[in-house]
Number of protein chains: 2
Amino acid sequence: MDSDSWSPPVVMLAVDLVILTLRRSQVHVLLIERGVEPFRGHRALPGGFLCDRDEPLLDAARRELSEEAGLVVDSLHLEELGVYADPGRDPRGRVVSVAYLAVRPRLPEPTAGTDAAGAGWEPAARVLGGEVAVAFDHRRIVADGIERARRKLEHSALATAFCGPVFTLSELQRVYEAVWDVRLDPRNFYRKVRRADGFVVPVESSRATDTGRPAQLFRAGPGRALNPPMARSGAAYEGETR
Amino acid sequence: MDSDSWSPPVVMLAVDLVILTLRRSQVHVLLIERGVEPFRGHRALPGGFLCDRDEPLLDAARRELSEEAGLVVDSLHLEELGVYADPGRDPRGRVVSVAYLAVRPRLPEPTAGTDAAGAGWEPAARVLGGEVAVAFDHRRIVADGIERARRKLEHSALATAFCGPVFTLSELQRVYEAVWDVRLDPRNFYRKVRRADGFVVPVESSRATDTGRPAQLFRAGPGRALNPPMARSGAAYEGETR
DNA sequence: AGAATAGTGTCTTTTAGACAGTATGGG
DNA sequence: CCCATACTGTCTAAAAGACACTATTCT
C-alpha cells in the first residue's frame, strides 16, 4: 500500500451487554425485543452503536442499557468479554461489537425503551439450548459470558455480585449451584467461604428468616481474589443417608 | 435519535500483537520501530489497520506480523487480549485496536518490514519499567499481555508454548520462574508437572545435555487445562542447606 | 414434637511444600 | 575423584470432601 493515497477502511462500532442475574435459582440473561430492522421482533442482547465518534465504549454500554431496558444502575461493574467482528455478522455492513459482562442481584423488571419493543429476563439455559432464538451472533456471546462467569466464580468474589448488599451463606451457595449446575454440601461450603480471606464479612447482630433456623447475614468482603479458591470439582450433595 | 436520518459514526479498526518469548531466561516482547508518522522512530507493538473492510481480524493480525516483523509462523495461536478504544489514544482520530497475545519458543530474529524501520526483541521488564518507551498506549497493552500470561500459566498448558517441540522439565521450570519471577523447587516441580493430566508426554529414548546428568525430553501433551493447576503461591527455592 | 435450615466438629484422602538421598553425566 | 544436574522418596501441614451431631426457629 502506498503511503499517502491510502487510508484505512472504517467500520461501525457497537457494544453489547450480557447482564446476568439469578431468579428462582436459575441464571437469567437480560434480553430486549428489537424494535427496528434488522431482526425486528427478535430477541437480542441490549446494545447498539456508538452515538458519536468520541463516545467511550463504557459510556455507550451504560447508555444502551438505560435506553433499551430502562435500567440505570449506579456502580454497575462492566467487564470486557470480547470482540465480535466476523464479517457478515450484521447485514448492515462491517459491525464490530465489544461485548461487556455484568452480574447483578435481583434487578427491577426492565422496561422497553426507545429502540426496543420489550425487555425481560430469560433463563440462560433456554438461550444456550436454542429454545429462545436470539439475533446476530448473540447466542455465542451469551455462551461466552456464562463461561466467563463460571470461571470467575472459582477464583474471584464474583458470586457476591449475584447477591444483594447482605445475604446468607445459603443464598451465596445457591449462586454457585445455579451457575455451575452442581449441588454442594452446605457444611463444607460454609467452612470454605468463611476461610477464604476477605470473601464475606459477617454483619453485626442481624438475621433473615424463611423456614428453619435464622441465618447470619454477610456482606461482600474487600477481597477480590479468592484464596484458597473455590474448587469446582464437584462434591455433589445428595442429602444425608438416614 | 430519529430512526431514518441517523447513521452510526464509524471508526478505524486496528490490531496490535503482543508476542512473548523467552531469551536468556527473561520474558521478551516483540517490538518494531515505526517507519511512518505518528510516532515515527519510536518503538511500538507490531500491528496496524485492517487493509480492507471485510478482512477478518485474525487475518489482519497475521498479515501485520509478517509485514512488519517478517515473521511467518504457521500454527501461531493468537488469543484475544482486549480492546483498546480510548478516544485520543491515536492522533489520527478514533482508532479502536484489538490486541492479540501469542507466546512462542525462541523465534528467528525478526527483520524490519514494509512499514517498520526495525524489529527486535526487548525485555518485557524494560518496557513495563519505562526504560524502553513505546508509542500509543502500548505499554499498557504489554502489561495486560504479561498479566494474562502469568494467570494462564497457572491453569493452562501455556508454558509449553514458550518451549520448542521437545524440552526438558528444567526448561519448562525456567518458563515459570521467568514469567512469575519466582524460584521453584525443581523436585516438587517435577512431581506436579508429571502428575498434571496430559500436560507433558515423555519422548521415547531421548535426552539433551548441558552439564550434569542428561534429562528426559518431553513434548507438550494433549491437555489444555491443568488439573491440578500449578499453584503460584511461591514455594521459593533457595538451594539446599548443607 | 417434628420439620427444616443453620452451623460445628471430626475423620479420611489428597495435595503442597520442604528436603534427604540416589542416579548419571562431564571435568 | 568432585561437581552439577536429574530424579525419587518421605515427611508434614493444609485443604477437600464425607458426614455425625448440635442449634434455633416455625408450625
Side-chain angles (χ1 to χ4, degrees), chain A residues 25 153-155 163 166-174 176-177 180 182-197 199-203 205-218 225-242, chain B residues 25 153-155 163 166-174 176-177 180 182-197 199-203 205-218 225-242:
Chain A
S25 296
L153 278 197
E154 292 191 74
H155 305 286
C163 301
V166 295
F167 47 85
T168 68
L169 295 196
S170 335
E171 283 165 16
L172 192 66
Q173 181 181 340
R174 276 193 282 276
Y176 280 90
E177 294 184 328
W180 285 351
V182 293
R183 297 279 298 155
L184 299 174
D185 184 309
R187 300 161 292 188
N188 293 335
F189 183 82
Y190 290 8
R191 243 191 312 109
K192 286 179 75 167
V193 168
R194 305 236 30 191
R195 179 152 40 181
D197 207 33
F199 188 8
V200 296
V201 177
V203 170
S205 59
S206 194
R207 40 186 54 193
T209 171
D210 187 30
T211 172
R213 171 176 170 182
Q216 173 70 261
L217 287 176
F218 294 83
L226 242 46
N227 200 335
M230 300 291 290
R232 193 175 164 184
S233 52
Y237 181 60
E238 308 294 350
E240 217 79 7
T241 315
R242 306 247 176 203
Chain B
S25 295
L153 278 197
E154 292 191 75
H155 304 285
C163 301
V166 295
F167 47 85
T168 67
L169 294 195
S170 336
E171 283 165 17
L172 192 66
Q173 181 180 340
R174 274 192 284 275
Y176 280 90
E177 294 184 328
W180 285 351
V182 293
R183 296 278 299 156
L184 300 174
D185 184 311
R187 298 160 295 187
N188 293 334
F189 183 83
Y190 290 7
R191 240 192 314 111
K192 287 179 75 168
V193 168
R194 303 236 32 192
R195 178 152 35 177
D197 208 34
F199 189 8
V200 296
V201 177
V203 170
S205 59
S206 196
R207 37 184 57 195
T209 172
D210 186 31
T211 172
R213 172 176 167 180
Q216 173 71 262
L217 287 175
F218 294 82
L226 241 47
N227 201 332
M230 299 291 291
R232 193 174 165 183
S233 51
Y237 180 60
E238 309 293 350
E240 217 78 9
T241 315
R242 304 257 175 192

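Keep in mind that this is a model prediction, so the values were computed, not measured.
Taking 4.0 angstrom as the limit, A/Lys192 places a side-chain polar atom (N or O) nearer than this to OP1 or OP2 of D/dA16. An OP1 or OP2 oxygen of C/dG25 is reached within less than 4.0 angstrom by a side-chain nitrogen or oxygen of B/Arg207. An OP1 or OP2 oxygen of C/dT8 is reached within less than 4.0 angstrom by no side-chain nitrogen or oxygen of A/Tyr190.
Residue A/Ser170 is classed as a sugar-phosphate contact, given heavy-atom separations below 4.0 Å to backbone atoms only.
Taking 4.5 Å as the limit, some side-chain heavy atom of A/Pro202 sits within range of a side-chain heavy atom of A/Arg194.
Residues B/Pro228 and B/Arg213 each lie close to DNA chain C; by heavy-atom proximity, the contact nearer the 5' end of the strand is made by B/Pro228. Mapping B/Gly212 and B/Pro229 onto DNA chain C by nearest heavy atom places B/Pro229 closer to the 5' end of the strand.
The base of D/dA16 lies outside donor-acceptor range of the side chain of A/Arg195, with no N or O pair under 3.5 Å.
Comparing C/dT8, C/dT24, D/dG17 by their closest approach to the side chain of B/Pro214 singles out C/dT24. Listed nucleotides C/dG7, C/dA4, D/dT5 differ in distance to B/Thr211; the shortest reach to its side chain belongs to D/dT5. In this structure, of C/dC19, C/dT8, C/dA18, it is C/dA18 that holds the atom nearest to the side chain of B/Arg191.
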Q: For ring-ring contact (aromatic ring centres under 6.0 Å, His included), just list the numbers for A/Phe199 and A/Phe218, CA-CA rounded to whole Å, side-chain angles, deciding distance to a tenth of an Å, and then say yes or no.
A: CA-CA 10 Å; A/Phe199 188 8; A/Phe218 294 83; 9.9 Å; no
